[in-house]
Amino acid sequence: MLDIKLLQNDFDNVREKLKKKKVDETLLEEIKSISLELKEKKKILEDLQAEQNAKSKLFGVYAKEGKNLEELKSELSQNKEKVALLNTQVKEIEEKLSIIASTIPNIPDESVPEGADEEDNIEIKRVLTPPTFSFAPKEHWDLDVDWLDFERGVKLAKSRFTALRGTGAKLSRALINYMLDFNAKRGYQEVCVPYIANRDTLTGTGQLPKFENDLFKLDGEDLFLIPTAEVPVTNLFRDEILDVSMLPIKMTCYSECFRKEAGSAGRDTRGMIRQHQFSKVELVSITKPEESDLVFDDMVACASDLLTSLGLAHRLVMLCGGDLGFSAAKTVDLEVWFPGQNRYREISSVSNTHDFQARRAMIRYKDEKKNRLVHTLNGSSLAVGRTLIAIMENYQNEDGSITIPSVLERYM
RNA sequence: CGGGAGAUGGCUGAGUGGUCGAAAGCGGCGGUCUUGAAAACCGUUGAUGGGCAACUAUCCGGGGGUUCGAAUCCCUCUCUCCCGGCCA
């Protein structure tokens, strides 16, 4: 959620920063004027309420003294109506304001480059060199192993669902276990959470109200399948005031993720790149504001080192303003090399949302005497499915076999 | 899913219509005593928003209603606990 106070007090600055995200400026103007109107109306309402409270107390006193109450009673009744009217007005304005404000994306960090889309993202560095092959490397769906069962996955549900069998299934589980252990060694506590979340939870992390179409909703219930573990894990501490000694909280979580992929018809229809359900090991951190940049770097390093340990060539990319997600103030994507496609593709995405999610989810900590909003960060440790097929493509041999990376051997 | 009980401040727990934002105890903080600590004793201590401040509004699970006035009465939703059914 946008900081309305900041918008009121420093409008030009906020507008300028949000230009990077192509936000409709008239919406910002509207938010500002509505919020000022709200403030005015609230002041009037409060004064009326104060009057009402004082007179109500008098009523009790008069009653004891046996005084005539009729006049006071009618005064109170009249005032009551005024209060009620103003109160509904205030509530309406508040609702209007929160609806508009909740659709405004986060303010990009200073360090985020200008740009419209993916083309303007900036490569930070490359790690490891892509492998060379003495033969033409295949894409994962062409590899002659029975690890991925696309047809039967579709039979069970619909397109964009895949079943794993045999070594494929086992490798997926090995990856999950390996990643969780890897993260735990770096100080991320493992958590396990529900894959179904309610509306408040999805609103806290910013998926709702704007992106309901991307979510699978349970029929007849106000519940949704989670699109990422970020949602439940970040919301673990929703509506809480944390003790400063608890921070930073660093967590890692394996979950299945469910996405409708509504806007991506025709993209990545082959193979396991883009699925309605996929496994992911996630990193989530909750920090003091002054620590969040450090923790962000730690999370990026954690994901990058994980790829390195698996021997997978990858690069780090800083997203530009136009490509940044709704809740993110800053995002670094990790892209792994796919020999079959001859290109890098996203396998992890680490974001710092600053206090954007914290304000929505009301996650705060006590600092001295004051309550302050935390910063929340999230990132894929790695998307398991994409890691699986990256291993398949990068470790394929001319005879059609696939070598298992040595770090995974003890997990197989 | 059926039957019963309940939801109050950091915790335990009183409070059934009028200075109740809420007794008491615990905990926390400050102090006395002590070489230091414990114990004892004294004092203090809810949250959020607005305001430089005085102050003020809101909050007793959520929402709605009755009333001049609701923690207290009514409706509704959610959640928790106990009994039964079902079940990994």
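A cation-pi contact links A/Lys330 to A/Phe296, judged by a cut-off of 6.0 Å to the six-membered ring centre and 45° from its axis.
Contact annotation for A/Ser56: base contact, defined as any heavy-atom pair under 4.0 Å involving a base atom.
Spacing between B/rC59 and B/rA54 at atom C1', rounded to whole Å, works out to 23 Å. Comparing B/rG17 with B/rC74, their C1' atoms are spaced 14 Å from each other, to the whole Å. To the nearest whole angstrom, the two C1' atoms, one in B/rA57 and one in B/rA39, are 44 Å apart. The gap from the C1' atom of B/rC52 to that of B/rG46 amounts to 25 Å, rounded to the nearest Å. Annotation: B/rC82 and B/rG13 have their P atoms spaced 15 Å apart (nearest Å). Spacing between B/rA70 and B/rC60 at atom C1', rounded to whole Å, works out to 11 Å. Using atom P as the reference point in both B/rA37 and B/rC29, the two lie 14 Å apart (nearest Å). The C1' atoms of B/rC87 and B/rG4 are separated by 23 Å, rounded to the nearest whole Å.
Salt bridge A/Asp355/A/Arg372: absent, no basic N to carboxylate O contact under 4.0 Å. A salt bridge between A/Glu335 and A/Arg315 is present, with a side-chain N of the basic residue lying under 4.0 Å from a carboxylate O of the acidic one. Residues A/Lys41 and A/Glu46 are not paired through a salt bridge, judged by the lack of any N-O separation under 4.0 Å between the basic side chain and the carboxylate.
To the nearest angstrom, P of B/rG69 lies 14 Å from CD of A/Glu75. We find that CD of A/Glu40 is positioned 17 Å from C1' of B/rA57, with the value rounded to whole Å. Protein atom CZ of A/Arg359 is 12 Å distant from nucleotide atom P of B/rG49, rounded to whole Å. Atom C1' of nucleotide B/rA47 and atom CZ of A/Arg364 are separated by 9 Å, given to the nearest angstrom. Between A/Leu373 atom CG and B/rG49 atom C1' the separation is 14 Å, expressed in whole Å. Atom CD of A/Glu81 and atom P of B/rU67 are 12 Å apart (whole Å). For A/Leu242 and B/rG10, the CG to P distance is 14 Å, given to the nearest whole Å. In this structure, A/Lys43 places its NZ atom 12 Å from C1' of B/rG49, rounding to the nearest Å.
B/rA39 is unpaired under the Watson-Crick or G-U wobble criterion, no partner having all donor-acceptor distances under 3.5 Å. As the counterpart of B/rA23, no nucleotide is assigned, since no Watson-Crick or G-U wobble pattern has both distances under 3.5 Å. Base pairing analysis places B/rU66 opposite nothing; no Watson-Crick or G-U wobble pair with both distances below 3.5 Å involves it. A 3.5 Å limit on both hydrogen-bonding distances identifies no Watson-Crick or G-U partner for B/rC60. When both distances must be under 3.5 Å, the Watson-Crick or G-U wobble mate of B/rU78 is B/rA7.
Of the candidate nucleotides B/rG50, B/rC68, B/rU56, B/rG50 has the atom lying nearest to any side-chain atom of A/Lys5. You'll find that the side chain of A/Ala50 is closest to B/rA57, out of B/rU19, B/rA57, B/rC68. Distance from the side chain of A/Phe59 is smallest to B/rG18 among B/rG69, B/rG18, B/rA57.
Nearest-nucleotide positions on RNA chain B place A/Lys91 closer to the 5' end than the other of A/Lys91 and A/Leu76. Between A/Lys42 and A/Asp47, the residue anchored closer to the 5' end of RNA chain B is A/Lys42, taking for each the nucleotide with the nearest heavy atom.
No side-chain heavy atom of A/Thr167 sits under 4.5 Å from any side-chain heavy atom of A/Val145.
Contact annotation: A/Lys39 side-chain N/O to B/rG49 OP1/OP2 distance is not under 4.0 Å. Phosphate proximity of B/rU58 to A/Gln49: present, with a side-chain N or O under 4.0 Å from OP1 or OP2. The phosphate of B/rG50 has neither OP1 nor OP2 within less than 4.0 Å of any side-chain N or O from A/Lys41. The side chain of A/Lys57 places no N or O atom within less than 4.0 Å of a non-bridging phosphate oxygen (OP1 or OP2) of B/rC68. The side chain of A/Asn53 places no N or O atom within less than 4.0 Å of a non-bridging phosphate oxygen (OP1 or OP2) of B/rC68.
Residues that satisfy the ring pair (Phe, Tyr, Trp, His ring centres under 6.0 Å) test with A/His314, not counting sequence neighbours, are absent from this structure. Applying the salt bridge (Lys or Arg N to Asp or Glu O under 4.0 Å) rule to A/Glu151 yields no partners; only residues at least two apart in sequence or on another chain are considered.
Contact annotation: side chain of A/Glu46 to base of B/rG49, donor-acceptor pair present below 3.5 Å.
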